[in-house]
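Below is one structure; the comments refer to it alone.
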There are 2 protein chains.
Amino acid sequence: MDTSLTDRDTDAGLRIRSAAVLLFARQGYAATSIRDLARAVNLTNAGIYHHVSSKEALLADLMRAGHRGLIDATARLLDGVQQPSDRLALLIASLTAIHARSPLTTRVMDGELRSLTPGSTAHDEIIALRDEYEDHWRRALADGAGQGVFRVADQKLSRLALMSMCTGTSEWYRPDGDSSLEQVCAEFVAIGLAAVRAPARPTASADLSLLPDFPWEPPDA
Amino acid sequence: MDTSLTDRDTDAGLRIRSAAVLLFARQGYAATSIRDLARAVNLTNAGIYHHVSSKEALLADLMRAGHRGLIDATARLLDGVQQPSDRLALLIASLTAIHARSPLTTRVMDGELRSLTPGSTAHDEIIALRDEYEDHWRRALADGAGQGVFRVADQKLSRLALMSMCTGTSEWYRPDGDSSLEQVCAEFVAIGLAAVRAPARPTASADLSLLPDFPWEPPDA
DNA sequence: GTCTATACCCGGATAGAC
DNA sequence: GTCTATCCGGGTATAGAC
C-alpha cells in the first residue's frame with residue numbers, strides 16, 4: 001500500500017523516477033507526457049498510475065526529495081565549521097558538485113518550480129525548502145560581513161551571483177570534459193572568495209545605450 | 001504580404017510577440033497554447049495564424065531576433081577596444097545588462113532552445129548564433145591569456161562560470177530592487193576581473209562523499 | 001484581417017478484466 | 001501489478017464565410 005503519493009522505494013518506483021527525471025530535464029515537464037514516461041519504462045500509460053498518483057505529484061516528489069537531500073547534506077557539511085570563509089567555500093563547492101554530479105535532478109529542481117500549480121501545497125512546500133536552503137547562504141554572508149571578513153556592497157547581490165555560477169554547472173559540466181570536478185570546485189571557490197573580499201571599485205562603465213531594446217519586451221512584468 | 005514567417009513589424013505582430021515572450025518566459029513554450037496567446041491579444045486562435053505561420057516559427061523568430069540583437073550590440077560595444085581586460089569588462093557588463101533589462105526575451109533565448117525541433121534549420125541556426133556570440137568571449141579570454149594578463153586554469157571553465165553569473169540576472173533582477181543596474185554591472189565586472197587574475201590555489205576541499213546520491217539520477221546521460 | 005466551425009490528434013486520468 | 005478500452009478535454013492548424 002502506498003503511504004506517499006509515489007512509491008519511492010520500490011524497484012518500479014525508482015525506474016519510473018529515473019526515466020522521469022531524464023525526460024523532465026531533457027524536454028521539460030510540460031513537454032513530457034505520461035505516455036512518453038510509460039514507453040521509457042515498458043509500461044502502458046495506465047500502468048504508470050499504479051505507482052504514481054498524478055504527473056504533478058511525481059514532479060513534486062522529485063523536487064521535494066531533491067531539496068531535502070541538498071538541505072541535509074549541506075547541514076552535515078557545515079556542521080562544526082566556524083569561519084565564514086570556510087562556510088562559504090563549502091557552500092560553493094557543494095552546490096557546484098551536486099549540480100555537476102546530478103545534473104538532471106538539479107535541472108528539474110531549479111527549473112520546474114513553475115510547473116507546480118501556484119498555491120498548491122506542493123508548490124508552497126518547495127518554495128519553503130528552497131528558502132530554507134538559501135538561508136545557509138544568507139547566514140554565511142551575513143556572518144562574514146558582520147565580522148568584517150567579507151566586504152560586499154550588497155549581500156543579496158553577491159549571493160545570487162555566486163549561486164548562479166554554481167547552479168549553471170548542471171548545464172555544461174561533463175565528467176569526461178577538460179576539467180575534473182575537483183578543479184571546478186576549487187576554481188569556483190577561489191572566484192567566490194575573491195568576490196567577497198575585493199569590493200567593486202568604480203570603473204569605466206559600459207555605454208548601455210548601445211544595448212538592443214527589443215520592441216516586443218513587455219515593460220511591466 | 002508576409003515575406004517572413006511572422007510579420008515582425010506590424011502592430012499586431014508586435015503585440016503578439018509581446019504576449020508570446022511574456023507567456024513563454026512565465027510558463028514555458030510547451031505549456032503555452034496558441035489559445036492562451038490569442039486570449040492575451042484579444043483574438044481567436046485562428047486569428048493568430050494570420051500573423052504567425054506556426055507556434056514554433058514564432059519561437060524561432062523571437063530567438064533569432066534576440067540573438068542577432070545581442071551579437072550586433074556586442075560587436076558595436078567592443079569595436080575599437082583593445083585591452084583584454086576592457087573587453088572582458090564590456091562583455092560582462094553588457095550580458096548582465098541585457099538580462100536585467102530584457103529578462104523575458106533572454107529567458108526564452110537561454111531556456112527554450114530545446115523546444116525547437118532538433119535538426120530543423122531554425123534549431124541549427126540558433127545554435128550557430130549562440131556560438132557566434134560566445135566567440136566574443138572565447139577570443140577575449142584567449143587574448144588575455146596569450147598576453148599573460150589573465151591567469152586562468154581553464155579558459156572554458158572561467159567563461160562558463162562568468163556567463164552563468166551574468167545570465168542568471170534575468171531570474172532575479174528587479175528594477176525596483178535593492179541595487180541599481182549600474183551597481184550590479186560594476187560588481188559583476190569586479191568579480192569577473194578578480195576571477196581571471198587570481199588563479200585557484202589548492203585549498204581545503206569539501207568532502208564530496210557527504211553529498212546526496214539521488215538513487216534515481218540516471219548514470220549515463 | 002478576423003471570425004465560426006471543424007478536422008484530427010494527443011493529453012491526463014479512470015474502470016474493470018485478468 | 002499490468003493490461004485494454006475508454007472518457008473527455010484541449011492541443012495545433014485549416015477551411016471558408018464575412
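Lettering follows sequence order; numbering is per chain, from 1.
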B:Leu43 CG - C:dG1 P separation (whole Å): 12 Å
Describe, in one word, how the ring planes of A:Trp216 and A:Phe214 are oriented to each other, choosing from parallel (under 30°), tilted (30 to 60°) and perpendicular (over 60°). parallel
When you check the gap from the basic side-chain N to the acidic O, do B:Asp36 and B:Arg39 get nearer than 4.0 Å? yes
Mark yes when over 12 heavy atoms from residues, nucleotides or ligands other than B:Arg15 sit less than 6.0 Å from its CZ; otherwise mark no. no
Side-chain donor-acceptor contact under 3.5 Å, A:Thr167 with A:Asp110: no
Gap between atoms CD1 and C1', on B:Ile48 and D:dG11 respectively (whole Å): 15 Å
Answer yes or no: does a side-chain N or O of B:His50 lie under 4.0 Å from OP1 or OP2 of C:dC3? no
Would you say that more than 12 heavy atoms from the other residues, nucleotides or ligands in this model lie under 6.0 Å from the CZ of B:Arg138, or not? yes
Kindly give the atom pairs (protein nitrogen or oxygen, nucleotide nitrogen or oxygen) under 3.5 Å for nucleotides 11-15 of chain C.
residue	atom	partner	partner atom	Å
C:dG12	OP1	A:Ile34	N	3.3
C:dG12	OP1	A:Lys55	NZ	3.1
C:dG12	OP2	A:Ile34	N	2.7
C:dG12	N7	A:Arg35	NH1	2.9
C:dG12	O6	A:Arg35	NH2	3.2
C:dA13	OP2	A:Tyr49	OH	2.7
C:dA13	OP2	A:Lys55	N	3.1
C:dA13	O5'	A:Tyr49	OH	3.4
C:dA13	N6	A:Asn45	ND2	2.9

Compare side-chain N and O positions of B:Thr44 against OP1 and OP2 of C:dC3 and report whether any pair is under 4.0 Å apart. yes
Please determine if A:Arg101 and B:Glu217 form a salt bridge, counting it only when a charged side-chain N lies under 4.0 Å from a carboxylate O. no
